Enquirer: 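Below are the structure tokens for one structure; questions will follow.
Just so it is clear, the model here is predicted, and its values are computed rather than measured. Within every chain, numbering begins at 1; the chains are lettered A, B, ... in the order of the sequence lines, protein sequences first and strands thereafter.
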Amino acid sequence: MVLEYEVEEREIVRRGSEGDTKEAFDFSSKVTFYKKNAKETQSLLSQVSSSQITPSQDCKEIVESQCKYSLESDSDSENASISPGKYDISSYSFQLDPGQSKKQNIKRTYFACQKNPEQLKTSNLNEHITSILEVLEKNSHSQGEKWRAFAYGKAIRVLKNAKFKVNSVEDAKKLHGIGLKIQEKIQEILETGQLRRVQLESSDERTVTFNLFSQVFGAGPATVTKWYSQGFRTLEDLKQKAKLTYQQEIGLAYYEELQQKIPREEVTQIGKIVSDTAIAIVPGLKVVVCGSYRRGRQECGDVDILMTHKKTNCLTDLLPRIIQELEKVHFLTDHLTKIENTDKYMGVCQRAPGMPHRRIDIKLFPRHEWACALLYFTGSGHFNRSIRLWARKLSMSLSEHALVRRYSETEKGEPVPVKSEQEIFQVLGLKYQAPEQRDI
DNA sequence: GGGCAAATACTG
DNA sequence: CAGTAT
DNA sequence: GCCC
């Protein structure tokens with residue numbers, strides 16, 4: 001009884017934090033609430049769009065206070081950028097209908113989830129199934145079957161987050177995101193411990209080759225298909241015979257190194273190198289390492305660095321200058337985008353000679369886009385999908401640049417000025433989640 | 001059947 | 001423009 | 001592939 005109760009709560013939490021369409025329960029109940037309280041929300045929105053928060057004020061405030069390198073967390077500056085008197089987050093945090101105990105439970109669980117994301121994560125009771133589905137997901141992905149892979153991914157998350165071990169198809173049916181086809185697969189896994197299709201594919205030349213090739217940076221489904229049809233089967237084939245773009249050459253040259261995860265400590269060091277270099281060139285720059293690093297991961301796939309400055313608009317060549325300097329000290333070894341005239345750089349770096357090469361992105365945003373950029377590039381991907389879906393249901397649209405109201409399918413309104421991540425959550429009527437809590 | 005997020009930048 | 005990446 |  002208790003178990004089942006908890007299961008249901010977890011289920012709800014998961015859906016809510018994932019933002020799947022069908023989190024019907026979580027999300028739509030919130031939508032309902034939103035409509036009920038449309039008036040409050042309107043007033044909040046007008047408050048936000050009023051002069052109380054403006055980009056210029058934002059610039060002034062942040063630049064004057066703490067334009068300093070912040071790796072571990074910029075929560076200090078985030079907090080500092082909120083004036084307590086103007087916004088009382090607690091008064092506007094999303095409250096579910098108090099009259100309905102069930103909904104209250106959702107809310108409570110929601111909080112629990114936010115406090116304990118690790119707990120939810122560490123106990124995958126369905127490893128025996130998910131490990132196999134993960135193969136299917138990867139295979140689908142490298143064949144370019146985007147949405148099929150998407151569905152597998154969703155099923156995997158559902159299974160991982162389930163509070164019970166799936167011992168029968170009936171168990172699996174309860175989980176949202178598991179349809180007929182995956183049910184069949186689960187049945188076979190439960191009966192035989194494996195999946196014939198996976199066995200087949202793992203020794204299938206086409207599948208193996210697609211997986212191999214699709215991990216080359218710059219090669220997507222179309223390119224991989226072409227290479228395969230041209231008869232290439234190994235990385236050596238590609239190096240010797242394939243016609244490669246410059247990006248693919250780099251991707252191939254560092255194929256193994258770029259596969260490796262980056263220890264958190266190294267990301268910290270890389271961040272420091274970039275930050276020190278950048279700030280030496282442009283004092284007052286704000287530099288934050290985002291991505292999985294900011295979410296607290298111990299291992300990262302790449303390094304994602306965001307910068308902003310109050311004078312961004314007058315310093316269009318800012319990023320190129322920083323790039324050139326980083327190149328000069330042999331930190332950046334290869335460029336994946338052109339370095340002139342850019343505010344979004346992609347490249348390859350090496351912390352020190354002999355160390356593995358790493359993928360690095362450095363992006364410069366104008367001050368007024370800082371909050372959205374931070375949110376976006378901190379992710380996770382799932383979290384982003386979730387919050388955007390939510391935004392859409394509130395007739396808003398969230399991008400790396402801005403949070404805007406949409407009046408219709410095509411008509412978009414003015415951006416809602418937001419100067420911190422907290423404000424984005426606030427405007428969307430969501431409880432703030434720290435970066436670590438977005439690692440979902 | 002259509003949606004599954006959304007928007008931008010770069011390459012060739 | 002298609003393809004790729006973020 | 002799943003869901004509506």
Enquirer: Using whole Å, report how far NZ of A:Lys146 lies from P of C:dA2.
Expert: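 Those two atoms, NZ and P, are 15 Å apart.
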
Enquirer: Could you go step by step and tell me if A:Phe377 and A:Phe365 meet the ring-ring contact (aromatic ring centres under 6.0 Å, His included) rule?
Expert: CA-CA 12 Å; A:Phe377 288 106; A:Phe365 281 88; 5.8 Å; yes

Enquirer: Taking only distance into account, with no hydrogens and no angle test, what donor-acceptor pairs under 3.5 Å do side-chain atoms of residues 216-232 of chain A form with protein atoms, sequence neighbours excluded?
Expert:
residue	atom	partner	partner atom	Å
A:Thr225	OG1	A:Pro221	O	2.7
A:Ser229	OG	A:Thr225	O	3.3
A:Ser229	OG	A:Lys226	O	2.8

Enquirer: Return the nearest nucleotide to the side chain of A:Thr342; candidates are B:dC10, B:dC4, C:dT6.
Expert: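 Per side-chain heavy atoms of A:Thr342, the pick is B:dC10.
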
Enquirer: Can you tell me how far P of D:dG1 sits from CD of A:Glu184, to the nearest Å?
Expert: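 So the two atoms are 9 Å apart, to the nearest Å.
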
Enquirer: Rounded to whole Å, how long is the line connecting atom CG of A:Leu336 with atom P of C:dT6?
Expert: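 Nearest whole value for this atom pair: 9 Å.
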
Enquirer: Using whole Å, report how far CG of A:Asn384 lies from P of B:dC4.
Expert: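 For the pair A:Asn384 CG and B:dC4 P, the rounded distance is 15 Å.
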
Enquirer: So if I take every side-chain heavy atom of A:Tyr152 and compare against B:dC10, C:dT6, D:dG1, which nucleotide ends up nearest?
Expert: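 Selected nucleotide: D:dG1.
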
Enquirer: Among residues at least two apart in sequence or on other chains, which ones pass side-chain hydrogen bond (donor to acceptor under 3.5 Å, both in side chains) with A:Arg206?
Expert: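 Here no residue qualifies.
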
Enquirer: What is the separation between atom CG on A:Asp361 and atom P on C:dT4, rounded to the nearest whole Å?
Expert: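 Whole-Å distance recorded here is 18 Å.
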
Enquirer: Tell me, please, which residues at least two apart from A:Glu266 pass side-chain hydrogen bond (donor to acceptor under 3.5 Å, both in side chains).
Expert: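 Testing A:Glu266 for side-chain hydrogen bond (donor to acceptor under 3.5 Å, both in side chains), a comparison that skips the adjacent residues, returns A:Arg358.
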
Enquirer: side-chain contact (heavy atoms from CB on, under 4.5 Å) with A:Glu236: which residues, sequence neighbours excluded?
Expert: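 Partners of A:Glu236 by the side-chain contact (heavy atoms from CB on, under 4.5 Å) criterion, ordered by chain and then number, come out as A:Thr234, A:Lys239, A:Gln240.
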
Enquirer: Test of understanding: with side-chain hydrogen bond (donor to acceptor under 3.5 Å, both in side chains), list the residues that count as partners of A:Gln215, not counting sequence neighbours.
Expert: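 None.
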
Enquirer: Among residues 192-209 of chain A, which contact DNA chain B at a heavy-atom distance under 4.0 Å?
Expert: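 Heavy-atom cutoff 4.0 Å gives no residues at all.
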
Enquirer: Any carboxylate oxygen within less than 4.0 angstrom of a Lys/Arg side-chain nitrogen, looking at A:Glu400 and A:Lys344?
Expert: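 Yes, this pair counts.
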
Enquirer: Mind calculating the distance between CE (A:Met346) and P (B:dT11) to the nearest angstrom?
Expert: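 After rounding, the reported distance stands at 8 Å.
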
Enquirer: Under 4.0 Å between any heavy atoms, over every strand shown, what does A:Lys338 touch: base, sugar-phosphate, or nothing? Just pick one.
Expert: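 If one applies the 4.0 Å heavy-atom cut-off, A:Lys338 turns out to touch the sugar-phosphate alone, with no base involved.
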
Enquirer: My understanding is that only residues two or more places apart in sequence, or in another chain, count here; which of them pass side-chain hydrogen bond (donor to acceptor under 3.5 Å, both in side chains) with A:Glu327?
Expert: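 Listed in chain order: A:His335.
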
Enquirer: By centroid distance (under 5.5 Å) and plane angle (under 30°), are A:Trp147 and B:dC4 in a stacked arrangement?
Expert: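 Yes, aromatic ring over the base.
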
Enquirer: Between A:Asp171 and A:Lys165, does any side-chain N to carboxylate O distance fall below 4.0 Å?
Expert: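 Salt bridge between A:Asp171 and A:Lys165, a charged N being under 4.0 Å from a carboxylate O: no.
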
Enquirer: Which whole-number value in Å describes the distance from A:Tyr376 OH to B:dA9 C1'?
Expert: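 Taking OH of A:Tyr376 and C1' of B:dA9, I get 11 Å after rounding.
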
Enquirer: Please state how far atom CG in A:Asn341 lies from atom P in B:dT8, giving the value in whole angstrom units.
Expert: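 For the pair A:Asn341 CG and B:dT8 P, the rounded distance is 18 Å.
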
Enquirer: Please state whether the phosphate of D:dG1, meaning OP1 or OP2, lies under 4.0 angstrom from any side-chain nitrogen or oxygen of A:Ser140.
Expert: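 For D:dG1, OP1/OP2 do not have a side-chain N/O of A:Ser140 under 4.0 Å.
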
Enquirer: Where along residues 217-248 of chain A does a heavy atom fall under 4.0 Å from DNA chain B?
Expert: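 Of all residues in residues 217-248 of chain A, the ones placing a heavy atom under 4.0 Å from DNA chain B are A:Thr245, A:Tyr246.
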
Enquirer: Could I get the full list of side-chain contact (heavy atoms from CB on, under 4.5 Å) partners for A:Thr192, not counting sequence neighbours?
Expert: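 A:Thr192 satisfies side-chain contact (heavy atoms from CB on, under 4.5 Å) with A:Glu188, A:Gln194 only.
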
Enquirer: Nearest to the A:Lys344 side chain among D:dC2, B:dC10, B:dT8, which nucleotide is it?
Expert: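 Nearest listed nucleotide: B:dT8.
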
Enquirer: Does A:Arg359 put a side-chain nitrogen or oxygen below 4.0 Å from OP1 or OP2 of C:dT6?
Expert: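 For C:dT6, OP1 or OP2 has a side-chain N or O of A:Arg359 closer than 4.0 Å.
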
